Structure formats: structure tokens, C-alpha cells
Amino acid sequence: MEFNDNLYNAIAHAETGHLEGDNRWIRTTASNTPGGSSAYGPVQINKAALTGPGYGDVGFSPAESQWIQDTYIPQMDLFLQYGNEPNKEGYDPRYDYGGKGDFSASDRVMYDNMAKKLMKFEYDRVMRGGGDIDDFIHAWRGETKEKDPRYYKTVKDKYTVDNVTTEQGSEAF
């Protein structure tokens, strides 16, 4: 098993697959997350994933790194500042839980590029350590299979279907 776009799509399906089109570009609706959550977009990447240990080893291009610093992280900061704070001065529902944020079409392309590199980096790290798909899902999701069985099942089911379709063509079904 290796990382490919099908795994990215499977994660997106588990995260925002219940939404259609542009509606997948939202801040998480998990407003009860302790300390708040800045998770955003189809695969729900949060600020910590881009500022924590190992971030510098992902292999982002200079343009991607600049975009992360100038666009993505500032939006995450707005999410954290205004989430669940409708009475706070400067509040805008775009930054609250379930809000759309500020991304343009070109930002969405950068997000997808950044997200796939980050996901591949995490996948490779887990697999080099002797892990399997469940270990990768745990590393990405931050929840155990026992705590979130729906997520694990959704990712694995979607990944399997997408891989069969890719390898054998849609006529396999």
C-alpha cells in the first residue's frame, strides 16, 4: 500500500463527504473541541499540523511555505479568535464553526497541494515505523478506532473502492 490521491479522497470523504461542492470548504463544525479547533477544508487540516514538530521536514515548496505563513495560518488564527464568539468585536460568521473562511479558487489549489504533501509525509512516517492503515488514520484523525469507528470504516471503504476503480477501471463494478 502506498500513498496516492485515493487516500486523500478517502480522508476527505470521511471528513466532509456529507457536504457537496463548495460546502466542503468549511471550518469544522466540532465547536465543543477543548481549546477550540481551526480544522478547515475538505480534509480538515488544523494549525497545529502546520506549526508542530516535523513541519519543516514535509518538503513544501517555497511558494507553498509562503502561502501557509501568509494565508493559511492567518485564517486559522481568525478561526481560533472568533469561534463561538458572536459578541466579540470584529466577529464575522465566516470564521465561526461551520464558516467558509476567505479562500479563493487559487487558495483551494494551494490547500490541496499542501494537504496532499502533508498527508503523504504523515503516511510515510507511519509506514516507515511499521504501521498500517489504521495507524495512519489514528495519526491523521487523532482518535482511536474504538472512539470513532465510523471514520475508520468510511476511510477504508472509500479507499478500497477508489483503488479498485483506479487499478481495474470502472468496469470492475
Side-chain angles (χ1 to χ4, degrees), residues 3 5-56 58 60-61 63-123 136-145 147-159:
F3 177 83
D5 283 356
N6 294 340
L7 187 53
Y8 174 88
N9 293 335
I11 294 288
H13 187 70
E15 291 284 0
T16 58
H18 61 289
L19 302 170
E20 296 291 327
D22 287 347
N23 291 330
R24 296 180 92 179
W25 292 92
I26 64 164
R27 180 187 184 184
T28 182
T29 57
S31 61
N32 60 348
T33 304
S37 175
S38 60
Y40 178 78
V43 294
Q44 294 290 290
I45 295 175
N46 63 26
K47 181 179 177 179
L50 296 169
T51 57
Y55 162 75
V58 173
F60 295 121
S61 71
E64 290 163 339
S65 292
Q66 193 70 46
W67 177 82
I68 290 166
Q69 296 303 313
D70 293 349
T71 304
Y72 199 76
I73 290 176
Q75 180 167 271
M76 301 301 98
D77 290 340
L78 290 169
F79 287 157
L80 293 170
Q81 183 176 356
Y82 294 112
N84 286 340
E85 298 284 348
N87 297 323
K88 191 172 199 175
E89 187 175 332
Y91 171 85
D92 187 312
R94 289 178 301 170
Y95 307 121
D96 207 344
Y97 290 93
K100 301 265 185 218
D102 297 322
F103 274 20
S104 66
S106 63
D107 290 328
R108 290 177 180 190
V109 170
M110 289 297 281
Y111 174 97
D112 282 340
N113 292 340
M114 175 265 305
K116 288 175 184 177
K117 282 186 178 179
L118 184 64
M119 193 176 288
K120 181 183 182 333
F121 176 81
E122 187 64 19
Y123 178 85
F136 166 74
I137 295 169
H138 181 257
W140 187 263
R141 177 73 169 158
E143 292 289 350
T144 64
K145 189 176 188 177
K147 281 186 123 180
D148 198 353
R150 178 215 58 92
Y151 191 91
Y152 282 72
K153 180 174 179 3
T154 301
V155 170
K156 292 193 300 190
D157 287 353
K158 177 72 171 156
Y159 181 72

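Since this is a predicted model, take the numbers as computed values, not measurements.
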Discussion item. For Val43 and Met119: C-alpha separation, side-chain torsions, deciding distance, then whether side chain to side chain contact (heavy atoms under 4.5 Å, CB included) applies.
Written reply: CA-CA 9 Å; Val43 294; Met119 193 176 288; 4.0 Å; yes
Fill in: Verdict with reasoning, His13 to Val155, per side chain to side chain contact (heavy atoms under 4.5 Å, CB included)
CA-CA 7 Å; His13 187 70; Val155 170; over 6 Å; no
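- Looking at residues two or more places apart in sequence or on another chain, you find no ring pair (Phe, Tyr, Trp, His ring centres under 6.0 Å) involving Tyr82.
- We find the NZ-CD1 distance between Lys116 and Ile11 to be 13.5 Å, quoted to the nearest 0.5 Å.
- For Thr16 (side chain) and Leu19 (main-chain N/O), no donor-acceptor pair under 3.5 Å exists by modelled atom type.
- Ring planes of Tyr111 and Tyr72: tilted class, angle from 30 to 60°.
- Using a distance-only test at 3.5 Å, with no hydrogens or angles considered, a donor-acceptor pair links the side chain of Ser38 to the main chain of Lys47.
- Pairing each heavy atom of Asp22 with each of Arg108, the nearest pair is OD1-NH1, 2.7 Å.
- The OH atom of Tyr152 sits 8.0 Å away from atom CD of Glu143, with the distance rounded to the nearest 0.5 Å.
- Aromatic ring pairs are classed by plane angle as parallel below 30°, tilted from 30° to 60° and perpendicular above 60°; the pair Tyr123 and Phe136 is perpendicular.
- Asp96 places no side-chain N or O within 3.5 Å of a backbone atom of Pro93 that could act as its donor or acceptor partner.
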Practice prompt. Kindly determine whether Gln81 and Lys88 satisfy side chain to side chain contact (heavy atoms under 4.5 Å, CB included), including the steps that lead there.
Written response: CA-CA 9 Å; Gln81 183 176 356; Lys88 191 172 199 175; 3.6 Å; yes
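- Ile137 approaches Lys156 most closely through the heavy-atom pair CD1-CG, 3.9 Å.
- Summarising the geometry, atom CZ belonging to Phe79 is positioned 7.5 Å from atom CG belonging to Asp102; distances are rounded to the nearest 0.5 Å.
- Atom OG of residue Ser106 and atom CE of residue Met110 lie 8.5 Å apart, to the nearest 0.5 angstrom.
- Remark: side-chain polar atoms of Asn84 are paired, donor with acceptor, to backbone N or O of Ser31 under 3.5 angstrom.
- Under a 3.5 Å cut-off, the side chain of Arg141 and the backbone N or O of Tyr151 do not form any donor-acceptor pair.
- Note on ring orientation: taking the six-membered ring where Trp is involved, the planes of Tyr40 and Phe103 are perpendicular (angle over 60°, cut-offs 30° and 60°).
- Of the possible polar contacts, one joining the Arg27 side chain to the Tyr95 backbone as a donor-acceptor pair under 3.5 Å is found.
- Atoms CZ and CD, on Phe60 and Gln66 in that order, are 13.5 Å from each other to the nearest 0.5 Å.
- Taking both residues in full, the closest heavy atoms of Asn23 and Lys100 are given as OD1-NZ, 2.8 Å, listed atom of the first, atom of the second, then distance.
- A distance of 6.0 Å separates CG in Leu50 from OH in Tyr55, rounded to the nearest 0.5 Å.
- No donor-acceptor pair under 3.5 Å is formed between the side chain of Glu122 and the backbone N or O of Trp140.
- In terms of heavy atoms, Gln44 sits closest to Ile26 at NE2-O, 3.1 Å.
- With a 4.5 Å cut-off on side-chain heavy atoms, Thr28 and Thr33 do not count as touching.
- A pairwise comparison of heavy atoms in Glu64 and Asn113 identifies OE2-CB, 3.5 Å as the closest pair.
- Across Met76 and Ile45, no two heavy atoms sit closer than the pair SD-O, 4.0 Å.
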